[in-house]
There are 2 protein chains.
Amino acid sequence: MENNIYIDTGKLFKVLSDPVRLQIVDLVSCKEMCACEILEYLSITQSTLSHHMKVLKECGLVSSRKDATWMYYSLNADVVGNLKSQFDKITSDTSDCFCYTIKKECKNIK
Amino acid sequence: MENNIYIDTGKLFKVLSDPVRLQIVDLVSCKEMCACEILEYLSITQSTLSHHMKVLKECGLVSSRKDATWMYYSLNADVVGNLKSQFDKITSDTSDCFCYTIKKECKNIK
DNA sequence: TTCTAATATTGACGGATGTCAATATTTATG
DNA sequence: CATAAATATTGACATCCGTCAATATTAGAA
């Protein structure tokens with residue numbers, strides 16, 4: 001079953017549903033940033049930031065690079081771009097809309 | 001404070017983080033659909049669907065129209081479009097990126 | 001090696017959320 | 001009015017998640 005489209009897209013939206021993580025994405029979208037610099041812009045604990053960065057990394061939205069004791073983070077533009085195009089298809093009202101596939105599959109089952 | 005950008009966008013992403021709701025959005029993106037028709041494509045209870053439709057309506061992503069005993073749902077393309085443009089700004093690496101505002105505000109505070 | 005700064009991990013807590021069964025409400029029909 | 005179909009609401013349950021304090025790890029500097 002190709003529900004992966006909704007599951008995969010949903011997972012990324014879940015990650016982006018937290019306002020703090022959205023702000024982090026915003027911060028690292030312009031330039032690479034280390035955790036301690038990101039932390040300056042937020043009102044959270046260091047352990048909480050570390051947790052958010054782990055979540056952002058695990059879903060692929062953010063990459064990390066280690067330099068001495070610093071960990072530098074940057075946004076993965078390709079993953080973001082892919083998410084946008086998936087969402088475009090889901091919300092499309094034309095023939096490239098995913099729903100046509102669902103409806104077809106549903107018809108086959110009945 | 002203008003964290004509303006992240007809070008508002010986060011709320012919509014939260015709604016879209018559920019795979020079932022993503023599929024519903026997909027279904028109603030092409031044409032208006034009543035709840036009973038939507039239900040045919042899903043593997044959930046009627047009460048669960050009703051709950052999801054309430055969530056989708058409350059955040060503005062979906063509109064409803066009542067006709068006799070049927071409730072017809074459709075996607076609000078403007079809300080979707082606005083969400084996309086907000087996300088574009090958040091993930092932008094150019095000067096229209098929101099993060100510049102945050103950084104400026106942060107500088108002022110220090 | 002010892003100290004310090006940066007980051008990660010663990011454990012715990014409270015609140016939010018998706019799901020269902022059961023029931024209520026609405027509206028057309030006989 | 002009585003019945004049936006479509007939808008909404010309520011209450012309960014289990015799970016997930018963001019947060020913090022405390023601790024551990026890593027790596028350069030003295």
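Each chain gets a letter, A, B and so on, in the order the sequences are listed, and its residues count up from 1. Just so you know, these numbers use all the heavy atoms, side chains as well, and skip hydrogens, waters and symmetry mates.
Spacing between atom OH of Tyr72(A) and atom P of dA8(C) amounts to 13 Å, rounded to whole angstrom units. One interatomic measurement links the two molecules: CH2 of Trp70(B) to P of dT25(C), which rounds to 21 Å at whole-angstrom precision. The distance from atom CD1 of Ile38(B) to atom C1' of dA8(D) is 14 Å, rounded to the nearest whole Å. Look at CG on Leu42(A): it is 16 Å from P on dA6(C), rounded to the nearest Å. Whole-Å rounding puts the Asp18(A) CG to dC17(D) P distance at 11 Å. If you take CD1 of Ile44(B) and C1' of dT17(C), they are 14 Å apart, rounded to a whole angstrom. Between the CG atom of Leu16(B) and the P atom of dG18(C) there is a distance of 12 Å, given to the nearest Å. Put simply, NZ on Lys11(B) is 16 Å from C1' on dT17(C), counting in whole angstrom units.
Between the side chains of Asp18(B) and Tyr6(A), no donor-acceptor pair is found at a separation under 3.5 Å.
The phosphate of dT17(C) has neither OP1 nor OP2 within less than 4.0 Å of any side-chain N or O from Lys14(A).
Closest non-hydrogen pair, Pro19(B) versus Ser17(B), comes out as CD-O, 3.5 Å. Nearest heavy-atom pair across Leu16(A) and Leu22(A) is O-CG, 3.2 Å. Summarising the geometry of Ile38(A) relative to Ile24(A), their closest heavy-atom pair is CG2-CG1, 4.1 Å, with the distance given to 0.1 Å. Between Asp93(B) and Ser29(A), the shortest heavy-atom contact is CB-O, 3.2 Å.
In this structure, the side chains of Tyr72(A) and Ser64(A) stay at 4.5 Å or more apart for every pair of heavy atoms.
The distance from the NZ atom of Lys14(A) to the CD1 atom of Ile7(A) is 13.0 Å, given to the nearest 0.5 Å. Here CD of Glu40(B) is found 8.0 Å from CE of Met33(B). Values are rounded to the nearest 0.5 Å.
Residue contacts for Ser47(A): at a heavy-atom cut-off of 4.0 Å it reaches a base atom on one of the strands shown.
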Contacts under 3.5 Å, N or O only, protein and nucleotides 23-30 of chain D:
none

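For DNA chain D, the neighbouring residues in residues 48-60 of chain A, judged by any heavy atom under 4.0 Å, are Thr48(A), His51(A), His52(A).
Separation of the Phe87(B) and Phe87(A) ring centroids does not fall under the 6.0 Å cut-off.
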